[in-house]
Amino acid sequence: MAAIAPFIVAPLKDLCVKEVAANFENTPDFGPLPDKYVKKVVDILPIDLPLELAGTSINDEDYWKRRCCARWSTLEVTAHAASWKQLYFERNLEDALEQYDPAINSIDDLRRLMTYSRRFVQTIRLRQLPSHLDLNIMFDCMINSPSSLSVHYSLKNVGMDYDRSLFGMKLADCRALARCLEKAETLTHLDLSNNGLDDDKVRMLASGLVENVSITHLNLAHNKIADRGMRALAKLLDARSVISMLELQDNHVHTEGAKSLARALKSNCSLISINLRLNRTGDDGLKVIADALRGSRSIQRLNVSSNSAGVNAAAALAALVRVSESLTELDASVNTEFGSEGVETVRRAVEQNTSLQRVDVRQCGGHVDDELALAENLRARQERRARTKTLQRPA
Amino acid sequence: AALCAPPHAAATALLTMSSNSNNNNNSAAANAMDSREARILARRKRIQERLASLHQGDVGGGKEGDKKEEVSKGKQQVIESMRRLFRVKHRTDADVTSVRVGSDSREQKHRVQEEKTRQELREKLLSEAEHSARQNAAVAMRWADLFSIEVPQDLYEEIEKQRSACEKIIASKDGLIGDIKNELKHKDEEFVKTLKRQAEDIDLLLQYMSRQFVEMQTAYKEELGDIEEALLQERGALLASNRAEIQELFDKRSRLEQEFMERYLASVENYQQMLEALRVSDAEEYHILKIRLETDIQNLEQHLETMRATYQLNTEKLEYNYRVLVERDHENQATINQQKRKISRQRDILSGLKTRYAETERRYLDENMKLTDEYKRTTEQFKDLQGKFRLFEQVDTRKYAEVWGMKEAEVVGIVRQLLAADKVLHEQQLGWDWRPPSDAVFTVGGGAAAEARATDADVDEDAAAAAADAELAARLHDPRYAGALGMLCDEAGFLVDSKAQSMLEKLPRDEAGRVRAESILRALGIADGAAFDALMAALRPDSTIEMRAKGKGGPASGMLGGGADGSGGGGDAGNEGELLVKPDDAIRRLKAYVEVEAPARAGTGISGPARAAGAARRAAEVEQEFWARMDKVISAKGSRVWAVLERQLERYHQLLVQRSSSLNEVESLQHQNNELRTLLNQYLGSRINSELVVPPTVMI
């Protein structure tokens, strides 16, 4: 075969396909070409076509997969709505933003990139932003997009050039972002974790978030939010708030902050998940939060692990568990002052509850048997649920 | 603490991430700590125990058992496997997350500790600041004193003192700085330690994750094998049972086939026997039939012979007939030819006649046209004539009316004169009581007749009908007739028609009575005042309508009766309204009335001329009646009285004449006497006497 191959003239169709592919850049249109040949053409198209042209005229996933795989090594397409095209555009834009340097790159190029990328970009995850670019530019260029924004003002691979000032959000960044948030109407996920946000910066952000009615997932984990910042955030969680997921783990929230949060929770009806892991709310703070949540019908996940809470908080949590019909997950681990008594009350409460699927009270100073009984109870419950599901499935 | 924060945060974030995606990760590491292993084993044992107790004590245990019996083995195995897998997953999950929990706990402790040291440090700083400030103040105060010292040695000493004091302050500050530096170093070490610790944690986590992965994989494999085995077993059992069932079904089928075969053979046997019997019986029948048919054949052959003879005869006859017919045919042929010729001749005649006919038709058409014109002219003339006739008729009628009026007035005058004479005769001559006849005698007749005539002549039918209706309505409302109408309603209610009946129910009472009366009158065919009057007359007790109905003598006798009626009525005119026939006789009277009036009225009310004729006839009747009444103003008895009176008066007249002549005689005689006397006296008184010898006087 291989020997004869050079003497066989390729079919005209293949020749045409090749020709179309070679000239695609000049005439980026398939015209009335049947889908079969379109596919063939796309299969042999060069992957260095201009992005604007490729974005408007090529929707073939295989082409984009080819292009992505050639550019990056580790790819997770499911994180980009299972679309290679979206993945390419998002990663491309992220790279451009992360590597943007006002001294080298032109802001107009960036604007243009954002303008034609906006049709395909949903999520933006910036793992570094050394330029401290004013994100207003992005929101101006990308109307109705993106829906998810994650920014970490840090620097990757810094090595021995470490300087504290390189990390964390500045007050000016906060101000700019707050202005963006006032206008953003499509943003639903906002992730500002690990940005060294202190009370003043959080207050600045909150002034922008107050005007926003679209963000449902707010992630402020691994920051330095203390009581004053918490008070500012609590103001966001009023009755007309739409925030359903609030991540505040690893912050410096103390009892006062917990109290202001509890006050806000009393009137709130949108929160589904609250994460307060690794804070310092203490016994009283956690107690008022648990009491406040008792009236909530929406709360499903509550994480209050590592909060130095004690017996009072355990009793309040037990009362919450007894009453609530919506709570499915409760993590109260590493509250060492619970003691065996607290853990036991929680266990009793869980036995009365029907909705809970996951409870964690490890390292709470409780009796091992209580912990095990709790785990066993929940596991048995889960097994029962799975079994009924199996039985109900048609044979 | 500030230094430590970012790396730690990164580590915790990593831990969170990895714990969230613990099921997907896989890496190779298999180092386990002995103590951990031992703990895990102990925990597992406890879990098993708890599980056993839980299953025993489970309230729904019995139920579950029942349920399990129901479900198939494969499914049961699936459930069991699921449970086992759950258990494995739960256990390994707990292991994996325990790393995070442990690190959280450490971090928590560390933070508490850190806060404490920070507090301490701050306190130390504050106290040192206070202390040094105090000392500073003391030093500063002493500076002023230095200026007052004038002895150089003293000054030196003092300055030395100041310097030592300053050095003390600096030393304490340095000490604090050293403390803080120590703290910083400590932090650095701690940071490094934490990093190491976290690296260890991450290793541990990876190890746990890989172990979980391996365990889960093996568990899944085992369970998959178990499930497959269970399913295979189930399938085998199912196949065996199905095979047995099929075998059973096959057996049943062969048995059934056997039975069917037996039954089939038996029935075949049976049918053959029946066939045999049928054959025998058929053969016998066949023989009998054959014999009968043979005899029949013989008979028929004989018959055939006779028939042949007959046919021979017939043939001869027919041959003769044929010859005759041929002859006739010739003749007919000749006749036909003749007829054909005749036909052609006739055709010629026909064509001639046709031309003549056409000619004649044309002529007649012309004639017809002429006649039509003439007819039209005649019609116009006739119309003119009619117009003239109508004109003359009107004139005649008017003249007649005038004459009538004149004559009537004359007659009335005469009659009144007559009545006056009658009255004089009665009252003066006979000394009787004289009763005058009613005024109706004069009023009814002439005016109505004239009016009727006038109506006939001038007024058209609608107006006449309206007038008649108005007249009738006026009569109906007249209280004089209320009694008669009431009786009519009571006795002849059956004449009310259904439409009026239905209407009656809605109306008030008096209105209903009137409507009912109207309906009855309509049924009786009464449409105008005159007819109504006739009816009222028929309902009077002294009516002769029944006699008239029986006799049907005709209008003259009717009129005579009517006249008599009228004169009779003249006698008791005062109580005319109240008098009615007895209710029992009312129907009979009505019937008679209908019989009398119906033929007369048959044509009326339908067409104008007939109606006019009827009116004229009625007017004539009225006139006749009037004349008759005029005739009968003085009754026969009156006439007789008059005749006798005349006779007697004539006699008396004669007597009176005699007397008068006698009186005249007496008168003449007396006159003669008177003359004679005078003469005598004359003679006696004359002078001659004296001269005379003897006077006469002497002699007397």
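Naming convention: chains lettered A, B, ... in sequence-line order (proteins, then strands); numbering from 1 in each chain. Side chains included, hydrogens not; waters and symmetry mates left out as well; all remaining heavy atoms used.
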Query - Side chain, backbone, both or neither of A:Ala221 within contact of chain B (heavy atoms, under 4.5 Å) - result: neither
Report task. Verify salt bridge (Lys or Arg N to Asp or Glu O under 4.0 Å) between B:Arg111 and B:Glu107, making sure each step is shown before the conclusion. Result -> CA-CA 6 Å; B:Arg111 283 193 183 184; B:Glu107 178 63 23; 2.9 Å; yes
**Report entry** Flag for A:Asn279-A:Thr281: side-chain donor and acceptor within less than 3.5 Å
**Finding:** no
Report summary line: Under a 4.5 Å heavy-atom criterion, the part of residues 301-312 of chain A in contact with chain B comprises A:Ser305, A:Ser306, A:Asn307, A:Ser308
Query raised in the report: So, do B:Lys187 and B:Glu114 sit near enough that their side-chain heavy atoms are less than 4.5 Å apart?
Result: yes
Query raised in the report: Given that the side chain runs from C-beta out, which part of A:Asp331 has a heavy atom under 4.5 Å from chain B: side chain, backbone, both or neither?
Result: side chain
Query raised in the report: Are the charged groups of B:Arg87 and A:Glu383 less than 4.0 angstrom apart, N to O?
Result: yes
Query raised in the report: So do the side chains of A:Lys259 and A:Asp227 get within less than 4.5 Å of each other, counting heavy atoms only?
Result: no
Query raised in the report: So do the side chains of A:Arg362 and A:Glu371 get within less than 4.5 Å of each other, counting heavy atoms only?
Result: yes
Query raised in the report: Going by heavy atoms in the side chains, are B:Met216 and B:Phe213 under 4.5 Å from each other?
Result: no
